Amino acid sequence: MEYSLSNKVFALVAFLLLCFNCKNETKPEATEKKEKPELIMHKPSEMANLMNGMYAYNLQIKQQIINGETPVSIPLDLIKLHSAEMSNGHARTAIWNSKVQNFIESQQSVVDTLSNVELKERYNAAINNCLACHKTECTGPIPKIRKLLIK
Ligand code: HEC
(Lines give C-alpha, C1' and ligand atoms only; values in the text may rest on other atoms or scores of the structure.)
Protein backbone atom coordinates (compact mmCIF):
# COMPACT_ATOMS: atom_id res chain seq x y z
CA MET A 1 0.00 0.00 0.00
CA GLU A 2 2.56 2.55 1.22
CA TYR A 3 4.92 1.44 -1.46
CA SER A 4 2.52 1.77 -4.36
CA LEU A 5 1.32 5.16 -3.12
CA SER A 6 4.84 6.53 -2.98
CA ASN A 7 5.42 5.08 -6.42
CA LYS A 8 2.46 7.01 -7.70
CA VAL A 9 3.65 10.20 -6.06
CA PHE A 10 7.04 9.67 -7.61
CA ALA A 11 5.52 9.11 -11.04
CA LEU A 12 3.44 12.27 -10.67
CA VAL A 13 6.45 14.31 -9.64
CA ALA A 14 8.54 12.85 -12.43
CA PHE A 15 5.77 13.78 -14.82
CA LEU A 16 5.63 17.36 -13.51
CA LEU A 17 9.39 17.66 -13.80
CA LEU A 18 9.21 16.34 -17.31
CA CYS A 19 6.71 19.01 -18.23
CA PHE A 20 9.07 21.51 -16.73
CA ASN A 21 12.08 20.26 -18.65
CA CYS A 22 10.55 19.69 -22.02
CA LYS A 23 7.41 21.76 -22.33
CA ASN A 24 6.68 24.30 -19.69
CA GLU A 25 9.94 26.09 -19.21
CA THR A 26 8.33 29.44 -18.42
CA LYS A 27 5.71 28.58 -15.78
CA PRO A 28 6.94 25.88 -13.43
CA GLU A 29 6.84 27.76 -10.09
CA ALA A 30 3.14 27.65 -9.24
CA THR A 31 2.75 23.88 -9.50
CA GLU A 32 6.13 23.04 -8.01
CA LYS A 33 5.72 25.01 -4.80
CA LYS A 34 2.86 22.78 -3.67
CA GLU A 35 4.88 19.56 -4.02
CA LYS A 36 6.97 18.20 -1.21
CA PRO A 37 10.47 19.61 -1.82
CA GLU A 38 12.32 16.41 -0.96
CA LEU A 39 10.44 14.56 -3.68
CA ILE A 40 11.20 16.97 -6.51
CA MET A 41 14.93 16.95 -5.84
CA HIS A 42 15.45 13.71 -7.76
CA LYS A 43 18.41 13.31 -10.07
CA PRO A 44 18.28 14.47 -13.71
CA SER A 45 18.55 11.62 -16.19
CA GLU A 46 21.87 10.62 -17.71
CA MET A 47 20.55 11.98 -21.02
CA ALA A 48 19.57 15.32 -19.46
CA ASN A 49 23.10 15.64 -18.07
CA LEU A 50 24.59 14.84 -21.46
CA MET A 51 22.27 17.37 -23.16
CA ASN A 52 23.23 20.06 -20.66
CA GLY A 53 26.88 19.26 -21.32
CA MET A 54 26.28 19.62 -25.06
CA TYR A 55 24.57 22.93 -24.46
CA ALA A 56 27.44 24.27 -22.33
CA TYR A 57 30.03 23.06 -24.83
CA ASN A 58 28.31 24.76 -27.77
CA LEU A 59 27.85 27.98 -25.80
CA GLN A 60 31.60 27.95 -25.18
CA ILE A 61 32.65 27.25 -28.78
CA LYS A 62 30.12 29.80 -30.07
CA GLN A 63 32.12 32.45 -28.22
CA GLN A 64 35.41 31.02 -29.51
CA ILE A 65 34.13 31.12 -33.10
CA ILE A 66 32.91 34.71 -32.67
CA ASN A 67 36.36 35.57 -31.31
CA GLY A 68 37.95 34.11 -34.44
CA GLU A 69 39.31 31.02 -32.67
CA THR A 70 39.03 27.48 -34.02
CA PRO A 71 37.68 24.81 -31.65
CA VAL A 72 39.64 21.59 -32.14
CA SER A 73 38.14 19.02 -29.77
CA ILE A 74 34.91 17.79 -28.21
CA PRO A 75 35.25 16.89 -24.53
CA LEU A 76 31.96 14.92 -24.65
CA ASP A 77 31.27 11.32 -25.53
CA LEU A 78 28.56 11.77 -28.19
CA ILE A 79 28.34 8.00 -28.66
CA LYS A 80 26.59 7.98 -25.28
CA LEU A 81 23.56 9.43 -27.08
CA HIS A 82 22.94 5.85 -28.20
CA SER A 83 22.88 4.43 -24.68
CA ALA A 84 22.19 7.12 -22.06
CA GLU A 85 19.12 6.45 -19.96
CA MET A 86 16.34 9.02 -20.50
CA SER A 87 13.86 10.50 -18.06
CA ASN A 88 10.37 9.08 -17.78
CA GLY A 89 8.30 9.61 -20.88
CA HIS A 90 11.25 9.89 -23.27
CA ALA A 91 12.48 7.13 -25.49
CA ARG A 92 14.45 6.52 -28.64
CA THR A 93 11.54 6.97 -31.01
CA ALA A 94 11.72 6.51 -34.78
CA ILE A 95 12.21 10.28 -35.05
CA TRP A 96 15.03 10.22 -32.52
CA ASN A 97 16.70 7.41 -34.45
CA SER A 98 16.35 9.27 -37.74
CA LYS A 99 17.96 12.45 -36.32
CA VAL A 100 20.67 11.36 -33.94
CA GLN A 101 23.33 10.26 -36.43
CA ASN A 102 23.10 13.45 -38.52
CA PHE A 103 23.49 15.43 -35.34
CA ILE A 104 26.58 13.50 -34.20
CA GLU A 105 28.23 13.88 -37.61
CA SER A 106 27.48 17.59 -37.83
CA GLN A 107 28.72 18.21 -34.28
CA GLN A 108 31.93 16.34 -35.07
CA SER A 109 32.42 18.27 -38.31
CA VAL A 110 32.64 21.53 -36.32
CA VAL A 111 36.09 20.45 -35.09
CA ASP A 112 37.16 19.01 -38.45
CA THR A 113 40.06 21.33 -39.20
CA LEU A 114 40.40 19.87 -42.72
CA SER A 115 36.87 20.78 -43.80
CA ASN A 116 36.35 23.18 -46.73
CA VAL A 117 33.06 24.42 -45.32
CA GLU A 118 33.16 27.66 -43.37
CA LEU A 119 33.39 27.14 -39.58
CA LYS A 120 30.32 29.24 -38.75
CA GLU A 121 28.26 27.32 -41.28
CA ARG A 122 29.32 23.95 -39.80
CA TYR A 123 28.58 25.19 -36.29
CA ASN A 124 25.10 26.47 -37.22
CA ALA A 125 24.39 23.18 -39.01
CA ALA A 126 25.11 21.29 -35.76
CA ILE A 127 22.78 23.59 -33.79
CA ASN A 128 20.08 23.20 -36.45
CA ASN A 129 20.38 19.45 -35.93
CA CYS A 130 19.76 19.93 -32.19
CA LEU A 131 16.62 21.83 -33.19
CA ALA A 132 15.54 19.25 -35.76
CA CYS A 133 15.26 16.61 -33.04
CA HIS A 134 13.90 18.94 -30.38
CA LYS A 135 11.06 20.05 -32.64
CA THR A 136 9.26 16.81 -31.81
CA GLU A 137 11.24 15.04 -29.06
CA CYS A 138 11.59 17.77 -26.43
CA THR A 139 10.21 21.20 -27.24
CA GLY A 140 10.88 23.10 -23.97
CA PRO A 141 14.57 23.97 -24.52
CA ILE A 142 14.06 25.19 -28.14
CA PRO A 143 14.24 28.95 -27.36
CA LYS A 144 17.43 28.37 -25.38
CA ILE A 145 18.98 26.22 -28.12
CA ARG A 146 18.02 28.75 -30.78
CA LYS A 147 20.12 31.36 -29.01
CA LEU A 148 23.18 29.21 -29.70
CA LEU A 149 22.93 30.01 -33.42
CA ILE A 150 25.51 32.51 -34.70
CA LYS A 151 23.78 35.31 -36.59
C1 HEC B 1 18.27 13.08 -31.46
C2 HEC B 1 17.49 13.99 -30.64
C3 HEC B 1 18.14 15.12 -29.91
C4 HEC B 1 19.22 15.86 -30.31
C5 HEC B 1 20.04 15.77 -31.59
C6 HEC B 1 19.46 16.83 -29.26
N7 HEC B 1 18.56 16.67 -28.24
FE8 HEC B 1 18.50 17.71 -26.51
N9 HEC B 1 17.07 16.47 -25.78
C10 HEC B 1 16.47 15.45 -26.49
C11 HEC B 1 15.59 14.72 -25.59
C12 HEC B 1 14.73 13.53 -25.94
C13 HEC B 1 15.68 15.34 -24.32
C14 HEC B 1 15.02 14.91 -22.99
C15 HEC B 1 16.01 13.96 -22.28
C16 HEC B 1 15.57 13.50 -20.92
O17 HEC B 1 14.81 14.22 -20.27
O18 HEC B 1 16.01 12.41 -20.49
C19 HEC B 1 16.60 16.46 -24.50
C20 HEC B 1 16.91 17.37 -23.49
C21 HEC B 1 17.65 18.53 -23.68
C22 HEC B 1 17.81 19.60 -22.72
C23 HEC B 1 17.12 19.65 -21.35
C24 HEC B 1 17.96 18.89 -20.34
C25 HEC B 1 17.31 18.91 -18.96
O26 HEC B 1 17.91 19.52 -18.05
O27 HEC B 1 16.22 18.34 -18.83
C28 HEC B 1 18.64 20.54 -23.28
C29 HEC B 1 19.11 21.86 -22.65
C30 HEC B 1 19.02 20.05 -24.59
N31 HEC B 1 18.40 18.83 -24.80
C32 HEC B 1 19.88 20.70 -25.44
C33 HEC B 1 20.34 20.15 -26.65
C34 HEC B 1 21.39 20.73 -27.46
C35 HEC B 1 22.12 22.05 -27.15
C36 HEC B 1 21.57 19.90 -28.52
C37 HEC B 1 22.58 20.00 -29.63
C38 HEC B 1 23.94 20.35 -29.27
C39 HEC B 1 20.61 18.81 -28.38
N40 HEC B 1 19.89 18.99 -27.23
C41 HEC B 1 20.47 17.77 -29.29
C42 HEC B 1 16.67 15.16 -27.82
C43 HEC B 1 17.73 15.63 -28.60
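In this text the structure is predicted, and so the values were computed from the model without any measurement. Each ligand, and each atom within it, is numbered from 1 in the order the structure gives. Hydrogens, waters and symmetry mates are skipped; everything else that's a heavy atom, side chains included, is used.
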Using a 4.0 Å cut-off to any heavy atom of [X], which atoms of ligand 1 qualify?
X      : answer
Phe103 : 5 (C), 37 (C), 38 (C)
Met86  : 18 (O)
Asn129 : 5 (C)
Gln107 : 38 (C)
Asn58  : 38 (C)

Within the side chain of [X], is there an N or O that forms a donor-acceptor pair under 3.5 Å with the backbone of [Y]?
X      : Y      : answer
Gln107 : Ala126 : no
Thr139 : Lys135 : no
Ser109 : Asp112 : no
Lys120 : Lys151 : yes

Residue-level breakdown please: for Ile127 versus ligand 1, do any non-hydrogen atoms fall below 4.0 Å on the side chain, on the backbone, on both, or on neither? neither
Can you tell me which portion of Ser87 lies within the under-4.0 Å heavy-atom range of ligand 1? Options are side chain, backbone, both, or neither. both
Of [options], which has the heavy atom at the shortest distance from [atom]?
atom                    : options              : result
atom 43 (C) of ligand 1 : Met47, Lys144, Met51 : Met51
atom 14 (C) of ligand 1 : His90, Glu85, Gln101 : His90
atom 38 (C) of ligand 1 : Ser98, Pro44, Cys130 : Cys130

Atom pair CD1 (Ile145) and CE (Met51), whose distance is rounded to the nearest 0.5 Å: 8.0 Å
So do the side chains of His82 and Gln101 get within less than 4.5 Å of each other, counting heavy atoms only? yes
Do Ile74 and Val110 touch side chain to side chain, with heavy atoms closer than 4.5 Å? no
If we only count N/O pairs under 3.5 Å, is Trp96 in contact with ligand 1? no
Checking the N or O distance criterion of under 3.5 Å, is ligand 1 in contact with His134? yes
Report yes or no: is the cationic atom of Lys62 (NZ for Lys, CZ for Arg) closer than 6.0 Å to the six-membered ring centre of Tyr123, at no more than 45° off its axis? no
